[in-house]
Amino acid sequence: MKLTEIIKAISVIKVSGNTDLDITGIQMDSRLIKAGQLFVAVKGTQTDGHIYIDKAISLGANAVVCQELPERLTDNITYIQVKDTEEAVGKLATTFYGNPTEKLDLIGVTGTNGKTTIATLLYEMFRYFGYKVGLISTVCNYIDGEAIPTEHTTPDPITLNSLLGRMADEGCKYAFMEVSSHSIDQKRIGGLTFAGGIFTNLTRDHLDYHKTVENYLKAKKAFFDGLPKTAFAITNADDKNGMVMVQNTQAKIATYSLRTLADFKGKVLEDGFEGMLMDINNREVNVQFIGRFNASNLLAVYSTACLLNKQPEEVLIALSTLRPVAGRFDAIRSPKGYTAIVDYAHTPDALKNVLNTIQEVLCGRGQVITVVGAGGNRDKGKRPLMAQEAVQQSDRVIITSDNPRFEEPQDIINDMLAGLNKEDKKKVISIVDRKEAIRTACMLANTGDVILVAGKGHENYQDVKGVKHHFDDKEILKEIFDNE
């Protein structure tokens, strides 16, 4: 594509050089540059792309988009100066990849908890309806049936537009996407047109990045503020921030709730570790999910499908066929007669929701043993809160390692223990080795008990000192069960 065409999408301050160039690709990472590509120098959170302009040129970049022009301009290279490269890169990528969101309906899901479940279930539901569908999520990206591994909840703008471009080219009618607060704040979704947005809930998370809950809320709200009039905005009326999210949106607002009047109203009639009987807008449906938080997620899925013009009856039939997402309240039964649940819960609120659900289903007929840790190099303030939530609703708690990253696991455990009083600590043991922690929980469990292994869910690695070692909570449990 000609550079002249690509830069039509952005506001240009100054151009130095020829814009009648053929551009073969766009990169933000100078190491990935190939001959004939456009390099966008973004001032990121970790490094400033302007430092790497010369390197990008040496590798074959023939044009550069930057906020500050270099003191010395290289001959035969075109420089385009803009006010904000972080804002420009999404629009440039969208244009280069043929404006994919004009060719498919993109639905974004944002909130602290539930994003992966809702986006994945919508992907599965619309494939069940016979459509070609794309998915962009924490667990894996999909272009219809083709799996594409993922590194971030929301990819960088170039990867994102490349994915969406492929989805559009391969005939996908819909794409469902998790939209993280980081991606909104860093303008990774700039240039995309959303057909709809879903808000799940908002609780403490990512304060290492956003610093305050208010900043975190503002980042989420900016997504809804940016939706066009043609889109819909579905919000959780049970969350105290549900209506705040949509108060300035131009989109058509719809609400869902388990507790109050809403456009899409749900109620749990019966529940067990095999599933639930739900009432949704005065129709009953059996689902293979457990807990009120999942009932809320399913309501969001139902709402979205109805707003995408599917008939309520066919949506309910599809809901009844869906299965839980990997690592989200993933229950397996031990030969000894206890149940182990693997869940991604890695925030205080998510842990509280999962433990609430377990207690509601158990009704005092067994004990709850929780294995939990906290990630290194992340929000330290939530560590004592995680321990408090675990102790409050468990009979025994084993505090262990999660992804320590570049911190010492024992230091993280100590931060968690600091949130507990003397009485709380009587039901807590700490075991640094996560495998041993899980094994100990299994040794403590009796028939009818429930073990919750929280924090890592679908992840099949442990991040230690920059190295990802293979580690899968569910695999460990199955290995232990095989030897019982």
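As a basis for the values below, the full set of heavy atoms in this structure was taken, side chains included, without hydrogen atoms, waters or symmetry mates. Start at 1 with the first residue, then count along the sequence.
- Looking only at distances, no side-chain donor or acceptor of Thr447 sits under 3.5 Å from a matching main-chain atom of Gly337.
- Under the side chain to side chain donor-acceptor pair (under 3.5 Å) criterion, the residue pairs touching residues 354-374 are Thr370-Ser394, with sequence neighbours excluded.
- The number of heavy-atom neighbours closer than 6.0 Å to NZ of Lys2, taken from other residues, nucleotides and ligands shown, is above 12.
- Residues meeting the salt bridge (charged side-chain N to carboxylate O under 4.0 Å, His left out) test with Lys435, sequence neighbours left out: Glu479.
- In summary, of the residues considered (Val109, Val246, Ile234, Asp239), a side chain to side chain contact (heavy atoms under 4.5 Å, CB included) with Phe199 occurs for Asp239 alone.
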Can you give each donor-acceptor pair under 3.5 Å made by side-chain atoms of residues 23-33, sequence neighbours left out, with the distance rounded to 0.1 Å?
| from | atom 1 | to | atom 2 | distance (Å) |
| --- | --- | --- | --- | --- |
| Thr24 | OG1 | Ala35 | O | 3.1 |
| Thr24 | OG1 | Gly36 | O | 3.2 |
| Asp29 | OD1 | Arg31 | N | 2.9 |
| Asp29 | OD1 | Arg31 | NE | 3.0 |
| Asp29 | OD2 | Arg31 | NE | 3.4 |
| Asp29 | OD2 | Arg31 | NH2 | 2.9 |

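- Summarising the geometry of Gly375 relative to Arg383, their closest heavy-atom pair is O-NH2, 3.1 Å, with the distance given to 0.1 Å.
- Judged as a side chain to side chain contact (heavy atoms under 4.5 Å, CB included), and not counting sequence neighbours, the contacts of Asn353 are Phe293, Asp349.
- Between Glu178 atom CD and Ile198 atom CD1 the span is 11.0 Å, to the nearest 0.5 Å.
- Annotation: cation-pi pair Lys310/Phe129 present, NZ/CZ under 6.0 Å from the ring centroid and within 45° of its normal.
- Remark: Glu124 engages no residue in a salt bridge (charged side-chain N to carboxylate O under 4.0 Å, His left out) (not counting sequence neighbours).
- Residues meeting the side chain to side chain donor-acceptor pair (under 3.5 Å) test with Lys43, sequence neighbours left out: Glu68.
- Ring geometry, Phe176 versus Phe126: the interplanar angle falls from 30° to 60°, so the pair is classed tilted.
- Listed by chain and residue number, Asp473 satisfy the side chain to side chain donor-acceptor pair (under 3.5 Å) test with Arg434 (two or more places apart in sequence, or in another chain).
- A side chain to side chain donor-acceptor pair (under 3.5 Å) check over residues 261-277, counting only residues at least two apart or in different chains, returns the pairs Thr255-Asp263.
- Residue Asn113 holds its CG atom at 4.0 Å from OG1 of Thr347, rounded to the nearest 0.5 Å.
- Side chain of Asp343 to backbone of Ala454: no donor-acceptor contact under 3.5 angstrom is found.
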For His458 and Arg328, what are the C-alpha separation, side-chain angles and deciding distance, and is it a side-chain hydrogen bond (donor to acceptor under 3.5 Å, both in side chains)? CA-CA 8 Å; His458 64 281; Arg328 268 64 176 177; 2.7 Å; yes
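- Judged by distance alone, the side chain of Lys382 and the main-chain N or O of His346 form a donor-acceptor pair under 3.5 Å.
- At distances below 3.5 Å, at least one donor-acceptor pair connects side-chain atoms of Lys220 with backbone N or O atoms of Gly111.
- With sequence neighbours excluded, the residues satisfying side chain to side chain contact (heavy atoms under 4.5 Å, CB included) with Ala295 are Leu258, Val268, Met276, Met278.
- Side chain of Ser296 to main chain of Arg292: no donor-acceptor pair is present (N/O by atom type, distance under 3.5 Å, no hydrogens or angles).
- For the pair Phe96/Ile158, no side-chain contact is recorded, criterion being any heavy-atom separation below 4.5 Å from C-beta on.
- Not one N or O on the side chain of Asn241 forms a donor-acceptor pair closer than 3.5 Å with the backbone of Val244.
- Taking CD1 of Ile290 as the reference point, atom CZ of Phe273 lies at 6.5 Å (rounded to 0.5 Å).
- The two residues Leu122 and Ala305 have their closest heavy-atom pair at CD2-N, 4.4 Å.
- If you take NE2 on His470 and CG on Asn460, they are separated by 6.0 Å, rounding to the nearest 0.5 Å.
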Are Ser320 and Val285 close enough, and set up right, to give a side-chain contact (heavy atoms from CB on, under 4.5 Å), and what steps lead you there? CA-CA 7 Å; Ser320 71; Val285 60; 4.1 Å; yes
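- The shortest side-chain heavy-atom distance between Lys173 and Asp105 falls under the 4.5 Å cut-off.
- Crowding of Lys336 atom NZ: a count of heavy atoms from other residues, nucleotides or ligands under 6.0 Å exceeding 12.
- In this view, Glu475 satisfies the salt bridge (charged side-chain N to carboxylate O under 4.0 Å, His left out) rule with no residue, not counting sequence neighbours.
- Between Tyr97 and Leu164, the closest side-chain pair of non-hydrogen atoms is not below 4.5 Å.
- For the pair Val354 and Ala345, the tightest heavy-atom approach, listed with the atom from each and the gap, is CG2-CB, 4.1 Å.
- Going from atom CG of Asp238 over to atom OG1 of Thr260 covers 7.5 Å, rounded to the nearest 0.5 Å.
- For Gln462 (side chain) and Asp402 (main-chain N/O), a donor-acceptor pair under 3.5 Å exists by modelled atom type.
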Go through it in stages, so that I can follow the logic: the residues are Ile369 and Tyr338, the test is side-chain contact (heavy atoms from CB on, under 4.5 Å), and I'd like the CA-CA distance, side-chain angles, deciding distance and then a yes or no. CA-CA 11 Å; Ile369 303 163; Tyr338 61 85; over 6 Å; no
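- Remark: side-chain polar atoms of Thr138 are not paired, donor with acceptor, to backbone N or O of Thr116 under 3.5 angstrom.
- Across every non-hydrogen atom of Arg283 and Pro312, the tightest pair is NH1-CB, 3.7 Å.
- Under the 3.5 Å distance criterion, the side-chain polar atoms of Thr235 are matched with a main-chain donor or acceptor of Gly242.
- Applying the side chain to side chain contact (heavy atoms under 4.5 Å, CB included) criterion to Lys103, with sequence neighbours excluded, gives Ala168.
- Formation of a donor-acceptor pair under 3.5 Å by the Lys456 side chain with backbone atoms of Tyr461 is found in this model.
- The CG atom of Leu316 sits 7.5 Å away from the SG atom of Cys306 when rounded to the nearest 0.5 Å.
- With Ile189 as reference, Ile184 is the one residue of Ile184, Thr94, Thr101 to meet the side chain to side chain contact (heavy atoms under 4.5 Å, CB included) rule.
- At a threshold of 4.5 Å between non-hydrogen side-chain atoms, the residues Val133 and Tyr142 do not count as touching.
- Under the rule for a side chain to side chain contact (heavy atoms under 4.5 Å, CB included), Asp169 has no partner lying at least two apart in sequence or in another chain.
- Nearest approach of Ile143 to Cys172, heavy atoms of both residues: CG2-SG, 4.4 Å.
- Each of Arg127, Arg166, Lys132 was scored for a side chain to side chain donor-acceptor pair (under 3.5 Å) with Asp144, with one residue passing: Arg127.
- Summarising the local packing, NZ of Lys221 is surrounded by more than 12 heavy atoms from other residues, nucleotides or ligands at distances under 6.0 Å.
- When all heavy atoms are compared, the tightest approach of Gly108 to Phe194 is N-CD2, 3.7 Å.
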